[in-house]
Student: 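Got a structure for you, written out below as structure tokens; questions coming shortly.
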Amino acid sequence: MNCTLLTWPEPIVRVQSLSDSGITVIPEQYIKPPSDRPATTTSPNPLDSPATEVHDIPIIDLSNLLSPDSTLRHGTMSLVSRACREWGFFQAVNHGVSHDLMSRMREVWREFFNLLPVEEKQRYANTPGTYEGYGSRLGVEKGIKLDWSDYFFLNYLPESVQDQNKWPTRPLACRELVAEYGNELATFCGKLMNVFSANLGLEEEYLQKAFGGEEVGACLRVNYYPKCPQPDLTLGLSPHSDPGGMTLLLPDEHVSGLQVRRGEKWVTVKPVPNAFIVNIGDQLQVISNATYKSVEHRVIVNSSRERVSIAFFYNPKGNIPIEPAKELVKEDKPTLYPAMTFNEYRMFIRRMGPCGKSQVDSLRPHAN
């Protein structure tokens, strides 16, 4: 893909505008193939379907990671290890990030989407080249099925990539909150990386160094899922695994929507108050030689309520080759993935949009 591509292949339509217009039938480009639809149900809300029963992914209290009691500390690390190996997801409570800051971040972005005139939001309209700014689609392939969502994407780390001209000036607290929130979450991610390293039997700082140390990358995407008149025909975000290293999701506490693939079924996650949903990305699956799993997930929408969630992506520096740690390559478990930079890797999702786990699976030697 040409990284300097300046325009999208079709005219951009804001999903929020479609929702607010009062339509009762969604446009064809948002209708997913029958096999990709959430569930067959007569309810206006897919969450009401027995096929999407609400479950809890592992919920882990992280407060004991700092305990002087080694039994408590190792017990928590064991829970994290199991979640990374078996689920690829967990909800983290008592994580050390200010609950007030989390709440204010949600509210400031609700104000952005709900109170700012569309003309002002359009000042931040993004392009396929960087995705930074106000957007309504991911993939640049012409004619692909679109998701029922708008978003705002910002680069955060390293600081050299920050362009605060693309950070909204309204609501007035937005820029200040993004900076404070990004700083706290980057610190939290660094602590989790040390835990992941130790659980893999690596030196505590191995993963952080493999990601570029102080030059690690991070970005933030605010997801806005408007009400949808036909939620059984579309998705807020198509199935995918995150291409980066790790994601911290601040979910909408009042409206469930995230679904995680568990075998052949989709598990609907019920958010826990003041928790982050942590998930493993493709880059950690690669470095761990598939000991840790990045897992497919998607977002469903509903006809009665909008949703706002905020995803913080913690990624390797773009030009560092990422490959399985040599300590995790054994005679009975050879290297599963070739070395590839994150810049090379993420071109796939920039071109095609969310496509399950097809990118990371295609790297394995047995893949066709």
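It should be emphasised that the depicted structure is a prediction, and the values quoted were computed from it without experimental measurement.
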Student: Taking Trp167 for its side chain and Glu176 for its backbone only, find out whether a donor-acceptor pair lies under 3.5 Å.
Tutor: no
Student: Does any pair with a residue in residues 11-28 pass salt bridge (Lys or Arg N to Asp or Glu O under 4.0 Å), and if so which ones, sequence neighbours excluded?
Tutor: Glu28-Lys145
Student: Taking Ser103 for its side chain and His99 for its backbone only, find out whether a donor-acceptor pair lies under 3.5 Å.
Tutor: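 A pair under 3.5 Å: no.
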Student: Provide the full list of salt bridge (Lys or Arg N to Asp or Glu O under 4.0 Å) pairs with a residue in residues 307-319, sequence neighbours left out, each pair given once.
Tutor: Glu215-Lys317
Student: Can Asn289 and Tyr337 be said to form a side chain to side chain donor-acceptor pair (under 3.5 Å), step by step?
Tutor: CA-CA 7 Å; Asn289 209 28; Tyr337 307 100; over 6 Å; no
Student: Test side chain to side chain donor-acceptor pair (under 3.5 Å) on Glu296 and Ser241 and set out the steps.
Tutor: CA-CA 5 Å; Glu296 269 188 275; Ser241 60; over 6 Å; no
Student: Just by distance, do the side chain of Arg137 and the backbone of Gly139 share a donor-acceptor pair under 3.5 Å?
Tutor: yes
Student: When you measure from the side chain of His74 to the backbone N and O of Leu72, does any donor-acceptor pair fall under 3.5 Å?
Tutor: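 No: the side chain of His74 does not pair with the backbone of Leu72.
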Student: Would Asp242 and His297 count as a side chain to side chain donor-acceptor pair (under 3.5 Å) if you check the C-alpha gap in whole Å, the side-chain angles of each, and the deciding distance to 0.1 Å?
Tutor: CA-CA 9 Å; Asp242 289 346; His297 49 289; 3.1 Å; yes
Student: Backbone N or O of Met77 within a donor-acceptor pair of the Asn199 side chain at under 3.5 Å?
Tutor: yes
Student: So which of Phe196, Phe89, Trp87, Phe90 actually passes side chain to side chain contact (heavy atoms under 4.5 Å, CB included) with Ile280?
Tutor: Phe196
Student: Between Glu132 and Asn126, is a side chain to side chain donor-acceptor pair (under 3.5 Å) present by the stated rule, with each step listed?
Tutor: CA-CA 6 Å; Glu132 191 163 20; Asn126 69 354; over 6 Å; no
Student: Any sub-3.5 Å donor-acceptor pair from Ser21's side-chain atoms to Leu18's backbone N or O?
Tutor: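 Looks like yes, one N/O pair under 3.5 Å.
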Student: Quick test of your reading of the model: are Asp147 and Lys32 salt-bridged, counting only N-O distances below 4.0 Å?
Tutor: yes
Student: Are side-chain heavy atoms of Tyr314 and Leu192 found at a separation under 4.5 Å?
Tutor: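 Not touching, per the 4.5 Å side-chain cut-off.
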Student: Does a side-chain N-to-carboxylate-O contact under 4.0 Å join Asp100 and Arg104?
Tutor: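 A salt bridge links Asp100 with Arg104.
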Student: Taking Gln162 for the side chain and Tyr156 for the main chain, is one N or O donor matched with an acceptor at less than 3.5 Å?
Tutor: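 Side chain of Gln162 to backbone of Tyr156: a pair is present.
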Student: With the threshold set at 4.0 Å, does a side-chain nitrogen-carboxylate oxygen contact exist between Glu111 and Arg170?
Tutor: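 No salt bridge links Glu111 with Arg170.
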Student: Using atom types as modelled and distance alone, determine if a side-chain donor or acceptor of Asn302 lies under 3.5 Å from a backbone N or O of Arg305.
Tutor: yes
Student: Out of curiosity, Ile59 CD1 to Leu79 CG, how far, rounded to the nearest 0.5 Å?
Tutor: 12.0 Å
Student: With a 4.0 Å cut-off, would you call Arg110 and Glu306 a salt bridge?
Tutor: yes
Student: Can you say whether the rings of Tyr224 and Phe113 are parallel (under 30°), tilted (30 to 60°) or perpendicular (over 60°)?
Tutor: parallel
